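What you see is a predicted model, and the numbers here were worked out from it, not measured in a lab. Proteins come first, then strands; the chains are lettered A, B, ... in the order of their sequence lines, and each starts at number 1.
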Amino acid sequence: MSEKEGLSVIVKVVTRWIVGFVLLFGLYIVIFGHLTPGGGFPGGVIIAGTFVLLTLAFGKDTPLRKLNSTLASELDSTGAIIFLGIALLGLYFGSFFAENFLTKLPSSYFKLFSAGVIPWANLAIGLKVGASIFMVFIILSVTRVVGLPNGEKKMTRKPTGRRK
Amino acid sequence: MEYILSFVLLMIGLYCVATKKNIVKIVIGLNIMEYAINLFLILIGYRRGGIAPIRTPDMSLAYFLRYSVDPLPQALVVTSIVIGFGVLALSVSMAIRIYERYGTFDINEIKRLKG
Amino acid sequence: MNVLPLMVALPLGMGFLIPMVSRKNRRTADVLGNLATLSLLIMSLYLFRIGNQIYFMGGWKPPLGINLVLDGLSAFFLLIVNLVAFIVTLYSVDYMEIYTSKLRYYSLFLLMLAGMNGVVLTGDIFNLFVFLEIAVISAYALVGFGTEAEELEASFKYLVLGTVSSVFILLGIGFLYSLTGTLNLADIGSKISGISGGHAFWFVVILFVFGFGLKAALVPFHAWLPDAHPSAPASISAVLSGLLIKALGIYPFLRIFYNIFGFPLLETRFIPQILMFLGGASMLTGALLALVQNDIKRMFAYSSISNIGYIVIAFSLGTPLGIMAALLHTFVHATSKALLFLSAGSLEYRLETRDIKKMGGLMEKMPITGISGDIGFLSLAGIPPLAGFWSKLFIILALLDAGRLGWAIFTILVSVLTLGYYLRMNRYVFFGPLKNNLQRIKESPVFMTASMLILSLITVFLGVILLPHLRSIVLDPAVRTLINGTKYISMVMGG
């Protein structure tokens, strides 16, 4: 971690102190989403926020070392597929798509393991939202390509003349 | 009475989208419009002196029904915020790309398409 | 197992799976994408055997839960959407090789397909909005897929106008919720009849006309379409013009105004009158502007505006014949316009230009592209044995049947204009002298020609759905759904 990149020493030290707590808070919001206000989306945003904080304080290399963009995009897809898988399991075990097929005992109300598949769905959404918002931030801020002064452009379309 | 605020916001957003020349300001205008609608949806479910729509074990059903605000608009607003976030991310990335191509944010200079 | 939720879940899941599994081998994306759309097509054909069905997501009964409703109209639109989508994915196997990121293309395409299927199936108005946004956000991204200057500009224009219209639709949904206290379409329908005279109700109607009218590119709200549709890759233009404006624009119109609001709108002739006027304006403006275009895809885009006008005029008559003509024209326009855009893409693939003045005599060099382009244009221009003739004939008959002689003559005149601009296109592109710099042009690759041939065959033989047996399976249930109006409500709430 080079000392040149990022913001001042004060910011770096404070960030190093609080970033773990912020991540923990995000996880708490995700895991207790079915009992308290919160859930997969807000928790995922907070989790992505820790990576955004790291980027702001230390520059782009530190968060990308922990979670590179390929892995983030795969986690993004994984979250969506897990969520869909839970819904399809409802179709398989129960009788309807997205049915809450796990048993919901009244004695378990307001406990951590209750509400059937809801906590698992929250986890999947937290994974997806955290990864995708991190991706959005990285794409918009870090890997930005500013227009080159000599008018040269980076094309997405392949160079022409190859096809004839 | 509170609805007037959300309509004022909606009109501000529409004015911003319709008259501003800068792409970034147009994106901001779109977001103001979206949040005006979100405010409107929340106000539909609002009840003066209401409580959060979470029923704890020590709360009777009658009390809950009498005082809790309508939770459905809140669910709608969460969804609508997510959609708004998607549109925002896409439009900002598009604005960056347009700046890359044209070298300007001014829509008067971004008009290669006509007809 | 019930296939109804899979119509949405399969493209959605495949859209997320493709970028994960096919990073190494690009053929995997082709195979998975085509497999997904093929199975969707088979499922949508299978759905005609089921008949009416209501599916409760998660087992929650309406009005509490979200439900998927399959009836004649949904099945009809699902067939159109998945048929064209399958042919387009087949076409993209070769065509999308000229762009770099095929994985993202398939991913976005399948998300758009999931959105369209969802809009057509859902029985919940907010869910309809969410699916609409899924489809339309993917469409914004796909329009700007090439990330060249013009494409980005078109995409941004589409995004701004589309978002404004979505905001108005959401405002309308908010008003409906505060009027009725429910979001289920059928439940709204059963509660709206008591309050349908009020100002708030008419405000909702106006908001929906504006919002869905912009999605369908009716004339005062059409400014985005001639930019957005030509700028997209040709396969996406085919979907945007063939499907998206119908699944997101026409279908919600039909569903909400006929099945949900029902009575007040058909009794007062106010809204049908407005819709007819907008439709007529779309027909004329689209046809006139298409006459002067030199960009081939831009001309087809204006032609789409014109054809949306035909559909809107026919269904706003409200008679059984008019509704049947509108649905038939929806089908015909979906296949023919997709065919035209695919052949335009094939020309662009080889020639790298879209200017019709730079083409000429291409019939001998690219025979399959030429034939399929001609079939598409003959069908839309209304030449007798092809399907487009029948749909236009039925529209004119329906107008005469409803006593609108002036409108019928107007429609015939616009048809002549249509023939005019297609003949102009045909003369510049496929016939005439072959230009020197085009001597070395070859026919397009095999997947592109194969998909165009399949779609040409469908377009030629589409008229057979008017035969009594097929008609009673495909077209009649859809017409009956709309004629019966608010029977939809008792069907959903009762069962």
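- Contact of B/Ile44 with chain C is made through the side chain alone, with heavy-atom distances under 4.5 Å.
- For a residue to count as touching a neighbouring chain, one of its non-hydrogen atoms must lie under 4.5 Å from one of that chain's; by this rule B/Leu41 touches chain C with the side chain only.
- Counting heavy atoms from C-beta outward, C/Leu152 and B/Tyr99 have side chains that stay 4.5 Å or more apart.
- Neither the backbone nor the side chain of B/Tyr35 comes within contact range of chain C, judged by heavy atoms closer than 4.5 Å.
- Rounded to the nearest 0.5 angstrom, B/Leu76 CG and C/Ile173 CD1 are separated by 8.5 Å.
- Heavy atoms of C/Phe168 lying under 4.5 Å from chain B belong exclusively to its side chain.
- Side-chain contact check for C/Tyr177 versus B/Leu72: some heavy-atom pair is nearer than 4.5 Å.
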Test log, rule side-chain contact (heavy atoms from CB on, under 4.5 Å), inputs B/Leu90 and C/Phe156: CA-CA 9 Å; B/Leu90 188 64; C/Phe156 191 75; over 6 Å; no

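- In terms of heavy-atom pairs under 4.5 Å with chain C, the best-connected choice from B/Val27, B/Asp70, B/Leu14, B/Leu30 is B/Leu30.
- Atom CD1 of B/Ile23 sits about 8.5 Å away from atom CD of C/Glu153, to the nearest 0.5 Å.
- With rounding to the nearest 0.5 angstrom, the OG atom of C/Ser166 is 8.5 Å from the CD1 atom of B/Ile83.
- Contact annotation: the side chain of C/Thr163 approaches that of B/Glu34 to within less than 4.5 Å [non-hydrogen atoms, C-beta and beyond].
- Atoms CD1 and OG, from C/Ile137 and B/Ser91 in turn, are 9.5 Å apart once rounded to the nearest 0.5 Å.
- For B/Phe7, the CZ atom counts as densely surrounded, since its 6.0 Å shell holds more than 12 non-hydrogen atoms of other residues, nucleotides or ligands.
- Only the side chain of B/Leu10 comes within less than 4.5 Å of a heavy atom of chain C; its backbone N, CA, C and O stay farther away.
- For C/Arg104, the CZ atom counts as loosely surrounded, since its 6.0 Å shell holds 12 or fewer non-hydrogen atoms of other residues, nucleotides or ligands.
- Interface residue C/Phe126: only side-chain heavy atoms are found under 4.5 Å from chain B.
- Using a 4.5 Å cut-off between heavy atoms, B/Val17 touches chain C through its side chain atoms alone.
- Of the atoms belonging to B/Ile98, heavy atoms from both backbone and side chain fall under 4.5 Å from chain C.
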